[in-house]
Q: 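Starting off with a structure, shown below.
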Amino acid sequence: MKTLAPNQLSQLMALRRDLHRNPEVSGEEIATAQRISAELRALGADRIWQGLGGHGVAAEFKGTGPGPTVLLRCELDGLPIRELSDLPYKSLIDGKGHLCGHDGHMVSMLGVGMRLAIRPPSGRVILLFQPAEETGAGAKAVIEDDRWPEIRPDYAFAYHNVPGRPLGEIGLRSGPGNCASRGMQILFEGKSSHAAAPEDGLSPAHTMATLMASLPGLGGGKIGEDTFALSTLTHANLGEPTFGILPAEGELRVTLRTMSNARMESLIADALAEVERTKGALRVDVQWHDIFPSVVNDTDATAIAREVAKKLGHAIHEMALPMRWSEDFGRIGDDGPKATMLYIGSGETQPQLHNPDYDFPDALLPFVIDQFCGIVESLLGPLGP
């Protein structure tokens with residue numbers, strides 16, 4: 001299989017660093033989407049969809065004959081985290097950074113687009129640059145877009161870089177690959193009073209303290225087991241920072257996490273029952289945010305990725321356990337295609353995802369581009385001699 005020339009890889013690295021300087025968070029990826037669209041036009045894509053599910057972009061590269069549609073997906077958005085580094089290309093936007101590697105994911109797929117200058121002999125390839133992955137809203141919005149039926153694939157592949165694993169190692173797992181998760185926001189409203197007369201008010205303090213202890217206790221089981229559940233308290237706020245007022249309002253935020261969607265439903269029911277049990281006379285409003293279904297990797301699609309990795313001589317990590325963190329790529333698999341996510345090592349000493357000093361390693365690009373071009377060739381035929 002032909003690989004990219006050094007000057008092409010240099011071009012991609014320069015683009016990644018420019019994207020890294022200018023991150024946009026979920027739902028705000030306007031300039032990023034415009035930049036990606038321009039790059040896709042320069043690559044000669046046969047068709048480009050813009051504004052998918054918000055600011056998403058997709059490009060079609062048509063084969064010379066009929067065949068299946070293969071979708072390769074990456075993400076546009078950065079994170080609302082301040083970058084702390086001495087990189088010459090560090091984020092120019094305070095409080096925002098590409099600290100998950102989506103800048104590298106984007107240029108990986110543009111690298112595949114460079115190889116698609118020679119079209120496959122059959123089918124078509126869709127490169128999808130999805131918005132709002134970090135909030136779990138993007139894939140859902142893309143699938144609900146009226147134009148999605150024009151794009152809907154037979155196969156779908158994506159990847160995430162994985163710090164702590166050897167550079168370029170291809171992690172694979174059939175079945176559950178990423179946990180389901182969702183944010184539970186609990187808003188409490190009571191009645192304020194003078195701090196000298198607490199009996200004349202209604203404070204959420206006791207209920208909140210009870211829930212801060214009981215909600216984390218709803219978890220159990222081990223990752224890899226169907227019973228696995230994790231309930232993590234992430235935020236608490238009670239009243240105003242005063243000494244003279246009994247608080248009337250409070251807020252708790254909890255992240256619920258399970259390996260399966262079915263276990264998530266039972267965990268939600270348990271959490272709601274616990275709130276109901278403890279709320280007393282308080283008015284309580286529960287809202288849900290950042291909803292991610294589990295990613296369940298298709299056996300056939302995973303086998304295709306495995307054979308390609310073997311052919312290329314990539315190290316393979318057969319994952320015994322799924323990832324605890326979530327990914328909204330599961331929604332694409334739930335829509336019907338044979339879909340799998342690859343978990344590709346980004347270096348054993350690489351800072352963790354979402355760390356303030358994280359940076360996608362440019363040295364990973366050739367591994368990823370060759371792997372995904374190999375998947376395309378496996379399904380649609382060779383991309384030239």
Side-chain angles (χ1 to χ4, degrees), residues 25-28 77 79-82 94-96 132-138 140 179-223 227-294 324-326 328 354-356:
V25 297
S26 300
E28 299 178 5
D77 51 341
L79 287 160
I81 301 174
R82 182 185 178 195
D94 191 42
K96 298 178 183 180
E133 188 280 326
E134 295 289 354
T135 63
K140 182 176 186 292
C179 286
S181 71
R182 64 173 57 201
M184 182 182 191
Q185 181 186 30
I186 313 167
L187 301 171
F188 305 89
E189 184 179 355
K191 179 183 177 183
S192 66
S193 180
H194 197 289
E199 67 276 11
D200 293 328
L202 178 62
S203 170
H206 178 72
T207 293
M208 289 177 63
T210 301
L211 289 171
M212 288 170 71
S214 64
L215 288 176
L218 296 178
K222 297 179 180 179
I223 187 70
T227 57
F228 170 75
L230 185 64
S231 178
T232 306
L233 179 69
T234 61
H235 176 76
N237 185 53
L238 176 65
E240 299 298 328
T242 69
F243 294 101
I245 304 171
L246 182 82
E249 297 177 343
E251 176 185 359
L252 292 179
R253 295 192 181 202
V254 178
T255 299
L256 305 181
R257 192 176 307 276
T258 62
M259 203 176 76
S260 70
N261 295 328
R263 181 68 180 94
M264 175 59 73
E265 292 304 315
S266 66
L267 182 60
I268 289 170
D270 291 343
L272 289 173
E274 188 64 13
V275 171
E276 188 67 24
R277 184 185 70 81
T278 59
K279 72 177 185 179
L282 294 166
R283 288 184 290 275
V284 176
D285 179 27
V286 176
Q287 300 178 11
W288 301 100
H289 305 273
D290 293 11
I291 299 172
F292 294 81
S294 62
R324 283 195 182 192
W325 43 267
S326 302
D328 74 353
H354 297 201
N355 277 184

Q: Just jot down the side-chain contact (heavy atoms from CB on, under 4.5 Å) partners of I223, sequence neighbours excluded, or say none.
A: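 I223 satisfies side-chain contact (heavy atoms from CB on, under 4.5 Å) with C179, F228, L321, P322, R324 once adjacent residues are dropped.
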Q: Rounded to the nearest 0.5 Å, what's the gap from CD1 on I186 to CZ on R253? Could you check?
A: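 Between I186 CD1 and R253 CZ, I get 11.0 Å after rounding to 0.5 Å.
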Q: Can you tell me which residue among R257, E134, R182 is in a side-chain hydrogen bond (donor to acceptor under 3.5 Å, both in side chains) with S326?
A: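 Result for side-chain hydrogen bond (donor to acceptor under 3.5 Å, both in side chains) with S326: R257.
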Q: Taking side chain as C-beta onward, heavy atoms only, is N261 less than 4.5 Å from P293?
A: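 The answer is yes; the side chains approach within 4.5 Å.
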Q: Does the side chain of S260 pick up a donor-acceptor pair with the side chain of R263 at under 3.5 Å?
A: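 No - no donor-acceptor pair under 3.5 Å links their side chains.
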Q: Kindly compute the distance separating CG (L187) from CD (E249), expressed to the nearest 0.5 Å.
A: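 The CG atom of L187 sits 9.0 Å away from the CD atom of E249.
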Q: Hey, could you give me the OG1/NZ distance between T135 and K140, rounded to the nearest 0.5 Å?
A: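 The NZ atom of K140 is 11.5 Å from OG1 of T135, to the nearest 0.5 Å.
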Q: Is the number of heavy atoms from other residues, nucleotides or ligands within 6.0 Å of CD (E276) greater than 12?
A: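 No, the 6.0 Å shell around CD holds no more than 12 heavy atoms from other groups.
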Q: Looking only at heavy atoms, what is the nearest atom pair of L233 and P216, with distance?
A: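 Shortest heavy-atom contact: CB-CG, 4.4 Å.
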Q: Going by side-chain contact (heavy atoms from CB on, under 4.5 Å), name the residues that satisfy it together with T227, two or more places apart in sequence or in a different chain.
A: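 For T227, the residues satisfying side-chain contact (heavy atoms from CB on, under 4.5 Å) (neighbours in sequence not counted) are E225.
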Q: What heavy-atom pair brings D328 and F292 nearest, and what distance separates the two atoms?
A: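 D328 and F292 have their closest heavy atoms at N-CD2, 3.5 Å.
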Q: Determine the minimum heavy-atom distance between A195 and P198, stating which atoms define it.
A: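 Reported closest heavy-atom pair: O-CD, 3.4 Å.
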Q: Who are the side-chain contact (heavy atoms from CB on, under 4.5 Å) partners of A205, not counting sequence neighbours?
A: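 With sequence neighbours excluded, A205 shows a side-chain contact (heavy atoms from CB on, under 4.5 Å) to S203, L238, given in chain and number order.
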Q: Test side-chain contact (heavy atoms from CB on, under 4.5 Å) on E240 and I245; report intermediate values, then the result.
A: CA-CA 8 Å; E240 299 298 328; I245 304 171; 5.8 Å; no
Q: Is there side-chain contact between T255 and T234, with at least one heavy-atom pair below 4.5 Å?
A: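 Yes, at least one pair of side-chain atoms sits under 4.5 Å.
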Q: If you look at every heavy atom in F188 and E251, which pair is closest and at what distance?
A: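 Residues F188 and E251, closest heavy atoms: CD1-N, 4.1 Å.
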Q: Please examine the side chains of L272 and V286, heavy atoms only from C-beta on, and report whether any two atoms are closer than 4.5 Å.
A: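 The answer is yes, as the side chains (C-beta and beyond) meet within the 4.5 Å cut-off.
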Q: Please list, chain by chain and in numerical order, all residues satisfying side-chain hydrogen bond (donor to acceptor under 3.5 Å, both in side chains) with R283, sequence neighbours excluded.
A: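 side-chain hydrogen bond (donor to acceptor under 3.5 Å, both in side chains) check on R283 returns E189.
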Q: Applying side-chain contact (heavy atoms from CB on, under 4.5 Å), run through M184 and L252 and close with a yes or a no.
A: CA-CA 8 Å; M184 182 182 191; L252 292 179; over 6 Å; no
Q: Roughly how far apart are K279 NZ and T207 OG1, rounded to 0.5 Å?
A: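 That separation rounds to 10.5 Å.
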Q: In this structure, are over 12 heavy atoms from other groups packed under 6.0 Å from H289 atom NE2?
A: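 More than 12 heavy atoms, drawn from other residues, nucleotides or ligands, come within 6.0 Å of this atom.
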Q: Looking only at heavy atoms, which two atoms of L267 and L230 are closest? And how far apart?
A: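 L267 and L230 have their closest heavy atoms at CD2-O, 4.1 Å.
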Q: Would you please name every residue forming a salt bridge (charged side-chain N to carboxylate O under 4.0 Å, His left out) with D285, sequence neighbours left out?
A: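 None.
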Q: Could you report the tightest heavy-atom contact between P247 and G239, atom names first, then the distance?
A: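 Closest approach of P247 to G239: CB-CA, 3.6 Å.
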Q: So, using side-chain contact (heavy atoms from CB on, under 4.5 Å) as the criterion, who are the partners of E274 when residues are at least two apart?
A: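 Here the qualifying residues are L211, S214, L215, R277, T278.
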Q: About how many Å separate OG of S266 and CE of M264, when rounded to the nearest 0.5 Å?
A: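 If I round to the nearest 0.5 Å, the distance is 9.0 Å.
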Q: Step by step, work out the side-chain contact (heavy atoms from CB on, under 4.5 Å) result for L79 and H354.
A: CA-CA 8 Å; L79 287 160; H354 297 201; 3.3 Å; yes
Q: Between atom CG of L256 and atom OG of S181, what is the distance when rounded to the nearest 0.5 Å?
A: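 It comes to 9.0 Å.
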Q: Is a salt bridge present between R82 and D94, judged by a nitrogen-to-oxygen distance below 4.0 Å?
A: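 Salt bridge flag = yes for D94 with R82.
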